[in-house]
Amino acid sequence: MRELYARRTGQPALLDRVYVVYCAILLVLLYAVPFLYQAGQLDPVVTTASWASYPGLFLIPVALCWAALFLGQVWGPLLTRPFLVHVYASTDIWPRNYLRPLALKRLSLGFVVSVAVFWAILYAMTDVFSHGPMIAPALVMSATGALGLVACWLWGQVMPPRQSLHLGAFILLAAVGAAAMLLANSAAPLAAARLINIGALTIGVWIAGTALKLLNAIDLAKLREVGSRTAVAQVFAQTGTLHHAVDLFRPVPNGFTKAMIVGTGRLRGFVFQGVIRMLRTPIQGGLGLALMGIGPVLIASGTLGQPDRLALASWLAGALALYYGFGLVAGSWQSLLGELTKPALYGPKGGGLYVRNLTWPLTTAGLALVVGAIAIAWTNPPIWGAYLALSFTVAMAFAARLLRELKTDLPVHLLYPITTPLGDISGVRILAWQFDGLLILTCGVILLAWVPSMAGASLITVGVVGWSIWRGIRLARLTSH
């Protein structure tokens with residue numbers, strides 16, 4: 001069977017693999033190397049003399065590990081063709097015998113890519129490579145972080161969602177303990193960093209070893225289902241509807257089937273319905289709540305700090321966290337799109353179309369405002385302009401998410417060629433349409449940071465929010481006709 005599969009029709013030839021490697025090297029030389037060179041000429045964002053005074057940096061690996069756990073649920077390293085899973089499942093071969101080589105191959109590739117990305121970030125944003133004694137500890141810590149990242153990726157696919165939640169909480173507690181250890185040993189940060197690195201390496205090896213030992217217990221039916229869904233997603237991605245491909249990987253709601261209805265047979269309130277929908281997808285809801293809590297804190301940190309690259313990066317990271325948090329924590333976006341594009345099954349319902357479906361997302365936006373306001377209130381004295389900047393950013397993130405969720409099929413007119421002296425640039429327009437929500441949010445935050453007056457910031461916010469909402473609803477209604 002292995003020989004027949006190796007000689008199958010469509011098997012990539014050696015020249016095809018060489019061409020892929022050639023394209024990857026070319027992209028790195030043309031884009032990554034010049035960017036890293038220019039970034040290395042600028043002042044470092046975090047210096048070796050001040051890194052110990054930023055315990056909040058430990059939130060970055062926590063967020064990455066949570067993202068890896070979530071990614072493992074929908075696109076794990078054991079993903080393979082549905083036909084192969086069906087054939088293997090019908091034999092007496094242990095799943096470990098054919099899944100372990102695949103897992104080790106992809107985990108090794110993910111480890112190498114993660115280490116390269118971490119080293120590039122260290123070179124672009126720190127001055128580690130200018131201090132000889134700091135190079136080796138920083139590189140070892142990057143490798144440890146990459147190991148933990150790929151281990152969480154495998155854990156997310158092998159383990160059930162509840163176990164992934166437990167591991168995510170444990171990683172958060174470990175990061176808090178590491179930050180406390182660093183603050184307690186601020187006089188000798190390198191010694192504390194070595195202990196933290198050893199502890200992180202131990203945790204990463206334990207996670208990877210435990211997940212690899214449990215390969216025999218993996219649900220092959222679920223693996224086959226995910227493989228089929230991935231094949232459909234690849235078709236969507238190749239035809240230009242990338243958002244449809246991403247939507248296929250939303251987790252299937254489970255549990256709380258009767259919680260939506262009260263004893264009299266009526267539906268509960270709109271806010272309660274949103275909470276129940278979030279609880280029916282615990283991994284997605286937990287990650288969304290985490291992003292909704294981290295985002296306002298990062299925005300507050302960016303608006304309160306000095307106007308430099310680090311503050312702008314924090315502001316942008318917080319806005320993007322809110323953007324993705326809105327999509328993960330609220331399941332009523334799909335209901336709104338369905339009611340706008342399809343006729344109601346039992347006629348119009350009470351409560352209003354937008355009130356029904358946007359009450360819970362707006363409630364989460366209010367909670368994000370409260371979290372950000374608490375973070376700003378800790379400053380002494382509070383900066384009142386930061387409250388407005390926080391409100392503007394939350395509003396733009398909400399509107400950008402609405403624009404993303406109301407997107408339907410790729411408009412045909414975007415496929416028309418645009419002839420320029422540089423060639424056909426219609427692909428740029430298609431790319432902008434695919435990521436219009438992210439682009440408008442990023443441009444809006446940069447303009448907010450650049451405009452010095454509150455009146456100008458208010459006009460920018462009104463323009464971004466108004467255009468995003470109008471554009472999203474208009475596209476959805478055009479599709480319904």
Side-chain angles (χ1 to χ4, degrees), residues 56-75 149 152-153 156 161 164-173 175-176 243 246-247 249-251 274-275 277-303 312-334 358 360-376 389-405 435 437-442 444-445 468:
L57 292 176
F58 285 99
L59 290 177
I60 297 177
V62 172
L64 291 176
C65 289
W66 285 355
L69 289 171
F70 178 74
L71 181 63
Q73 294 284 330
V74 297
W75 192 298
L149 201 62
C152 289
W153 186 33
S164 297
L165 283 176
H166 294 166
L167 180 61
F170 172 73
I171 292 174
L172 178 60
L173 292 177
V176 172
H243 55 284
V246 175
D247 290 340
F249 292 97
R250 293 181 184 271
V275 174
R277 284 173 173 170
M278 184 183 65
L279 292 177
R280 296 191 69 195
T281 53
I283 294 291
Q284 175 178 313
L287 181 59
L289 286 179
L291 291 175
M292 296 296 290
I294 295 173
V297 176
L298 291 175
I299 294 172
S301 175
T303 55
L312 180 58
S314 176
W315 195 344
L316 278 173
L320 295 179
L322 285 179
Y323 174 82
Y324 288 107
F326 278 128
L328 294 174
V329 81
S332 56
W333 300 109
Q334 291 76 35
L358 295 182
W360 173 242
L362 288 173
T363 303
T364 58
L367 295 177
L369 286 174
V370 172
V371 173
I374 293 174
I376 295 173
L390 172 67
S391 303
F392 293 161
T393 308
V394 172
M396 287 194 300
F398 179 86
R401 192 69 212 185
L402 179 66
L403 175 62
R404 154 65 180 86
E405 295 292 344
F435 302 99
L438 285 174
L439 288 176
I440 193 171
L441 177 60
T442 303
V445 171
S468 299

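All values below were derived from every heavy atom in this structure, side-chain atoms included, with hydrogens, water molecules and symmetry-related copies excluded. We're numbering straight along the sequence, starting at 1.
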Walk me through whether V445 and M396 qualify under side chain to side chain contact (heavy atoms under 4.5 Å, CB included).
CA-CA 8 Å; V445 171; M396 287 194 300; 4.3 Å; yes
Just so I know, are the side chains of I299 and L322 near enough to count as touching, which here means a heavy-atom distance under 4.5 Å?
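Yes, their side chains come closer than 4.5 Å.
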Test item: C152 and I171 side chains (from C-beta on) under 4.5 Å apart, heavy atoms:
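SC-SC contact between C152 and I171 confirmed.
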Between [X] and [Y], is there a donor-acceptor pair closer than 3.5 Å when you use the side chain of the first and the backbone of the second?
| X | Y | result |
| --- | --- | --- |
| T393 | A389 | yes |
| T442 | L439 | no |
| W66 | G168 | yes |
| W153 | A67 | no |

Do you know the tightest heavy-atom contact between [X] and [Y]?
| X | Y | result |
| --- | --- | --- |
| L441 | A400 | CB-CB, 4.1 Å |
| L165 | P282 | CD1-CB, 4.0 Å |
| G293 | V371 | O-CG1, 3.7 Å |
| A300 | I376 | CB-CG1, 3.6 Å |
| F326 | P361 | CE2-O, 3.7 Å |
| A368 | M292 | CB-CE, 4.0 Å |

Please step through side chain to side chain contact (heavy atoms under 4.5 Å, CB included) for the pair R404 and V246, ending with a clear verdict.
CA-CA 12 Å; R404 154 65 180 86; V246 175; 4.3 Å; yes
Distance, nearest 0.5 Å, that separates [atom1] of [X] from [atom2] of [Y]:
| X | Y | atom1 | atom2 | value |
| --- | --- | --- | --- | --- |
| L167 | L172 | CG | CG | 11.5 Å |
| T363 | L358 | OG1 | CG | 10.0 Å |
| Y323 | L328 | OH | CG | 11.0 Å |
| L316 | L320 | CG | CG | 6.5 Å |
| L367 | L362 | CG | CG | 11.0 Å |
| L71 | C65 | CG | SG | 12.5 Å |

Side chain to side chain contact (heavy atoms under 4.5 Å, CB included) between R401 and Y324, intermediate numbers included
CA-CA 8 Å; R401 192 69 212 185; Y324 288 107; 4.0 Å; yes
Stepwise side chain to side chain contact (heavy atoms under 4.5 Å, CB included) check, T364 with M278
CA-CA 11 Å; T364 58; M278 184 183 65; over 6 Å; no
